[in-house]
Number of protein chains: 2
Amino acid sequence: MKADKISEAVVRRLPVYLRYLNELHKREVTTVSSQELGQKLDLNPAQIRKDLAYFGDFGRKGIGYDVVYLIDKIRHILKIDQQINVALVGAGNLGQALSNYNAYLKDNMKIVAVFDSSPAKIGHQINTLTVQPMDELRETVRQLHIRIGIITVPDFEAQRVADEMIESGIGAILNFAPTIIKAPPHIRIHATDFTTDLLSLAYYLENGKDDNENDDQ
Amino acid sequence: MKADKISEAVVRRLPVYLRYLNELHKREVTTVSSQELGQKLDLNPAQIRKDLAYFGDFGRKGIGYDVVYLIDKIRHILKIDQQINVALVGAGNLGQALSNYNAYLKDNMKIVAVFDSSPAKIGHQINTLTVQPMDELRETVRQLHIRIGIITVPDFEAQRVADEMIESGIGAILNFAPTIIKAPPHIRIHATDFTTDLLSLAYYLENGKDDNENDDQ
DNA sequence: TAGATTGTTAATCGATTAACAATC
DNA sequence: TAGATTGTTAATCGATTAACAATC
């Protein structure tokens with residue numbers, strides 16, 4: 001296939017494929033079919049084939065996909081065949097927790113700097129990193145070629161931090177604060193909100209004991 | 001409108017509406033239009049009206065929506081007009097960070113118990129909660145009427161923990177481990193995966209310096 | 001050759017957006 | 001009455017799934 005603009009849904013599945021492919025590789029499996037991938041990842045095999053076909057002909061008819069080859073291809077598509085440096089702003093509990101994921105992010109992504117605006121936090125050590133003051137953001141982003149920012153500050157600070165990140169030249173932001181961040185269209189923003197996730201789960205609970213509803217199941 | 005089955009996309013927007021409505025209420029705003037909501041939340045006003053109309057006629061033509069009334073309605077729809085108790089399994093950094101969100105979850109959702117399988121963690125204090133051993137899960141779920149579980153254990157333990165939660169009578173799970181959890185269809189599982197979010201962001205970076213691609217923009 | 005599995009087209013399904021009559 | 005805004009239908013858009021020829 002090739003070309004066409006790729007939908008966000010497709011892009012978000014690529015890391016999921018990659019994760020399972022890495023696991024297969026570790027288990028020394030060399031080949032995998034869309035059928036098996038689909039079963040393991042709860043996805044339709046046709047969808048997986050279509051997703052991959054957007055980027056090239058990676059499989060072999062009658063055989064399936066070569067695990068190592070596909071890993072390489074997906075890493076290239078995601079642009080993680082080069083190291084991508086990440087800055088995290090907000091050295092609270094969540095920020096500290098995420099810093100520990102560096103080990104998981106072995107795929108050439110790395111949190112290389114942590115910032116906070118609170119004097120109480122500055123200078124503290126988080127793993128191998130020292131919490132830096134916000135006014136060093138710009139210079140550090142430049143020096144370390146940081147391209148992605150993670151926001152783990154309280155909601156009322158999130159927009160300001162995003163603005164500073166963008167000012168500093170960061171190209172994409174992962175926002176954990178429960179607020180909608182506005183940014184120019186060339187800056188990519190993904191939001192992930194724990195409270196929203198949790199509240200929406202409640203909707204699907206079957207009705208509790210003290211209950212006399214019967215509208216939606 | 002009423003009836004029809006409600007799509008997941010709609011349900012996931014309800015907590016977003018609720019969050020902003022709460023903010024409006026705090027600012028003593030009494031009425032809001034779908035237009036203003038849409039602008040603030042980066043959503044299409046028609047979509048907002050349609051979302052809400054699935055559940056009833058909450059607005060007034062020519063006027064908009066009454067903030068307090070709509071808050072009440074959404075809380076009822078999400079079933080958080082009763083308190084919903086939550087258990088968290090995995091008292092690592094992420095688990096501890098999430099426990100601190102109790103303050104944010106004022107909408108009648110509360111993490112009321114924390115578990116871990118590691119003897120080193122059991123007995124530790126996290127805010128007001130004491131980390132309990134896994135074999136107390138079942139009994140605690142029953143006693144405290146816990147209905148939602150949060151999984152913050154390493155990936156290789158996630159499926160087992162989910163199974164135990166389901167065994168214990170938990171009806172919905174929020175999974176932070178980077179693995180696909182299998183469960184019977186009546187158990188709702190939402191996944192939220194930091195590494196997947198971050199890797200997919202890289203795709204959208206404009207091409208870096210050392211680069212000679214020009215296929216996708 | 002027979003069996004398996006891809007890449008791709010066509011069919012289906014679902015979600016978003018536009019438009020507008022109803023009405024406050 | 002004039003202006004604003006809902007609720008809802010119809011139009012559009014996009015994503016998923018089924019089906020199958022191509023081929024390893």
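Quick caveat: nothing in here was measured; it's all calculated off a predicted structure.
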Practice task
Quick one, give me the B/S/- string for nucleotides 14-21 of chain C, reading 5' to 3', where B means a protein heavy atom under 4.0 Å from the base and S means that only happens at the primed atoms, P, OP1 or OP2.
Solution key: -SBBBB--
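One interatomic measurement links the two molecules: CG of B:L52 to C1' of D:dT6, which rounds to 11 Å at whole-angstrom precision. If you take OH of B:Y65 and P of D:dT5, they are 12 Å apart, rounded to a whole angstrom. Here D:dG7 presents its C1' atom at 14 Å from CG of B:L70, a figure rounded to the nearest Å. Per the geometry, CD1 belonging to A:I48 stands 12 Å off P belonging to C:dG7, to the nearest Å. Remark: C1' of C:dT5 and CD of A:E36 are 13 Å apart, rounded to the nearest angstrom. Atom CG of B:L37 is separated from atom P of D:dT5 by 12 Å (rounded to the nearest Å). The distance from atom CZ of B:F58 to atom P of C:dC24 is 17 Å, rounded to the nearest whole Å. Going from atom NZ of A:K73 over to atom C1' of C:dT6 covers 17 Å, rounded to whole Å.
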Practice task
Let me see the working for B:R75 and B:N108 under side-chain contact (heavy atoms from CB on, under 4.5 Å), right down to the final yes or no.
Solution key: CA-CA 9 Å; B:R75 284 167 55 100; B:N108 280 335; 3.2 Å; yes
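Minimum interatomic distance between A:A158 and A:N175 (heavy atoms only, all atoms of both residues): CB-OD1, 4.3 Å.
Among residue pairs with one or both ends in residues 36-46 of chain B, those qualifying as side-chain hydrogen bond (donor to acceptor under 3.5 Å, both in side chains) are A:K182-B:D42, B:Y20-B:E36; sequence neighbours excluded.
Taking the six-membered ring where tryptophan is involved, the planes of B:F176 and A:F194 are tilted, since the angle between them lies from 30° to 60°.
Put simply, B:S34 has a side-chain N or O that comes within less than 4.0 Å of OP1 or OP2 on D:dT6.
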Pair up each side-chain donor or acceptor in residues 87-94 of chain A with any protein partner under 3.5 Å, not counting sequence neighbours, and list the distances.
none

In a table with atom names and distances, give each donor-acceptor pair under 3.5 Å that connects a side chain of residues 163-170 of chain A to protein atoms at least two apart or in another chain.
residue : atom : partner : partner atom : Å
A:D163  : OD1  : A:Q159  : NE2          : 2.9
A:E167  : OE1  : A:R138  : NH1          : 3.2
A:S168  : OG   : A:E164  : O            : 2.7

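With the 3.5 Å cutoff on both pairing distances, Watson-Crick and G-U pairs in DNA chain C assemble into runs of at least 3 at C:3-24 with D:3-24.
Ion pair B:E206/A:R188 not flagged as a salt bridge, since none of the NZ, NE, NH1 or NH2 atoms sits closer than 4.0 Å to an Asp/Glu carboxylate oxygen.
Geometrically, B:K73 does not engage B:F55 in a cation-pi contact defined by less than 6.0 Å to the ring centre and at most 45° from the axis.
Judged as a side-chain contact (heavy atoms from CB on, under 4.5 Å), and not counting sequence neighbours, the contacts of B:T140 are B:A113, B:F115, B:Q132, B:E136, B:L144, B:I146.
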